[in-house]
Amino acid sequence: MTTNHSTPANLDDLRGSLEDHSSALPEPFPLDVGGELREPSRWVENLDPATSGVLATVASATPQEMDDAVAAARAAAPAWAATAPQERGRLLRRLGDLVRRDADVLARLETRDTGKPLAQGRADITAAARYFDYYGSIIEGFLGDSIPLGPGSLAVVEHEPHGVTGHVVPWNYPAQITARSVGAALAVGNASVIKPADEAPLVALSYARLAREAGFPAGVFNVLPGGAEAGSALTAHPDVAHVSFTGSVATGRAVAGACAQRGRPVLLELGGKSAHIVLEGADVNRAAPVIARALLLHAGQTCTAGTRVIVHESLHQQLVAALAPFFNEAKLGLGLTDPTVGPVVTENQATRVAGFVERARAAGAVVAGEAQAPHGLTGFFVAPVLFDQVGQDSELFAEEVFGPLLAVTTVGSDAEAIAAAHNTRYGLTAAVWCQDIDRALRTARSLEVGQTYINGYAPGGGVELPFGGTRDSGYGREKGVEALREYSRTRTLFVDIAGA
Ligand code: NAD
C-alpha cells in the first residue's frame, strides 16, 4: 500500500463513523513509514472503551518494521537537518493549520480512541495545534551563543539535532503528547519515529497523513503503533540517537536501561501522585471545583492528576463538603455525549482501579462522595470516589491509580503538609492553595516537583511551560523552549585569530 506524497489526508471520510459510538471506522489504519502508508504484517483490533466494541483495525508494528522506519528516518535526517529553520518552522505551522482544519474529526477520533469526554478531546486537539504552531514559530529565535575569550579568538556555540529521535507515547493523551514531543524534535531538525500505544494510536497516525499533506519530506515523520515489542525495538535501536519516553515508571526504567546500554540520551516523563496542598487561609470555594474537575476530566488518567488533597485541619470539613457534590453528581457516559466522566481506557485498567477501591474500603477509608455506576453501558466504566481520612501509610496515598479516585488527608501545619506531599516516590506536579501569597510561595518553593501551581491547576496544555518530573516521575523536560534544548545538542566552534 503506497500513497502519493501529496495525497490529502481525507480525514473527512471518517466523519460518518464519528457521530456516535455505534460503528467502526470504515478503513484500516496501516503504518506510516517513509512518507507512505504501508501494509503491516500484523493487524490488531482497537477497541472503543465506551462500548468495548471494535473501533478500528490498526497496524501493530514488528521489530523488522520498526527497523525499516528507523532506516527511513536515518536517510531523511541529513537533508532535514540542513533545511533552514525558517522552512522547518513553516511546515510545522502548516501542520498546525491542518490540525485546526480537521479539529472536529481529530477530537472525535481522540474521544473514541481514549474514552475521554468530547470537550476534553477538543481541548487536546487545540493544544496539539498550538504545539505545532509554537515550535514552528520559536525555532527561528532559538539562537546560539558566542563566548568572549579575548581578541585572539572566536568561540561560537551552535545547536544541532541529534539525528533520529524515537518517541514512545502512552494511551492517555496521545494527541497532545505526540504533538509536544515531535513538534520540538522536528523543529530543531531531527527525523522522528513515533510509536503510539496500541490502545490509542489513531490521532498520531492521522498527524502523519496531515504532515504528508503539509509537505514534510518523506521519512521525517514516521508513525508505527505497537506494544512492548515495537517499543523496545525502537528504544534499543543503535541508530536512534535520542529517545523520548512517556509512560509508567517500570517501562521507563527498562527504556532508560536500553539507552544506557548504547550510551544515548533519554527523556523520561513518568507517573505521578500529585498533591493539592490546601493551607490555612485558602479560598476553599475557589479550590474545590478546580481540584475536582482536574481529577475527573479524563477519569483520573492524567499523569498530572492531583490525586491527593492534603488539607489543614481547620478547612478539612469545609473542603470535603465542597468536593463531595462533584463526585455525587458526576455523570458517567459515552465520550461523544460529553459526560462529566468517560470510561477508563481498557478492561484491565477498570479492573485495576476497582481493586484500589475495594482495598481502600476494606482498609476502612471513609467514602465522602461517590458517583452512581452507569446503567446499560457496556464500556470500561469506573464510578469516581472521594475518599476521606486517608492514612499516609495506605496504598491509596502512595500509589498512582490512574482512575477517578481522590484521597483527602488532614495535617496540622504547613511543615506537616510539605512532609506529606513528599511522602511518595513521585515528584511530577503540585498545587498550593492559600490567599497569603508569601506563605504559598514559601511552600511552593520547598516542594521537590517539576511544576507547582499556586491557586490554580493546569494539567495538560501549558504549551509554553517547561514540564517534567523529579524523583520517580522522571527527568528531562518537554514543552516550552526547554524542549528545543532537550532535542538538540550544542557544538562548539573555536577559531584562533592570528595577529589579533
Ligand atoms: P506504559 O509504560 O505501559 O506504556 C507507555 C508506552 O510504552 C506505550 O506506548 C507502550 O506500548 C510502550 N511500551 C510498553 N513496554 C515497552 C518496552 N518494554 N519498551 C518500550 N516501550 C514500551 O504506560 P501506560 O500504562 O500506557 O501509561 C500510563 C503511564 O504513563 C502512567 O504511569 C502515567 O502517569 C504516565 N504518563 C506520564 C506522562 C508525563 O508526561 N509525565 C504523561 C502521560 C502518562
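First listed ligand is number 1; within each ligand, the first listed atom is number 1.
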Inset, instruction - Flag the pair Tyr487 / His162 as yes when their ring centroid distance falls below 6.0 Å, and as no otherwise. - result: no
Legend entry - Pairs meeting criterion side-chain hydrogen bond (donor to acceptor under 3.5 Å, both in side chains) with involvement of residues 421-431, two or more places apart: Ser274-Thr429, Gln392-Asn423, Arg425-Asp472, Thr429-Tyr457
Inset, instruction - Compile the protein residues with any heavy atom at a distance under 4.0 Å from an atom of ligand 1; present them by chain, then by number. - result: Val168, Val169, Pro170, Trp171, Asn172, Ile177, Arg180, Lys195, Ala197, Gly226, Gly227, Ala228, Gly231, Ser232, Phe245, Thr246, Gly247, Ser248, Thr251, Val255, Glu269, Leu270, Gly271, Cys303, Glu400, Phe402, Leu428, Phe467
Legend entry - Residues in side-chain contact (heavy atoms from CB on, under 4.5 Å) contact with Thr114, at least two apart in sequence or another chain: Glu110, Lys116, Pro174, Ala200, His298
Legend entry - Intermediate values then yes/no, salt bridge (charged side-chain N to carboxylate O under 4.0 Å, His left out), Arg74 and Asp239: CA-CA 7 Å; Arg74 197 168 172 219; Asp239 291 335; 3.5 Å; yes
Legend entry - N-O pairing of Arg130 and Glu464 below 4.0 Å: yes
Legend entry - Residue pairs fulfilling side-chain hydrogen bond (donor to acceptor under 3.5 Å, both in side chains) with at least one residue in residues 259-273, sequence neighbours excluded: none
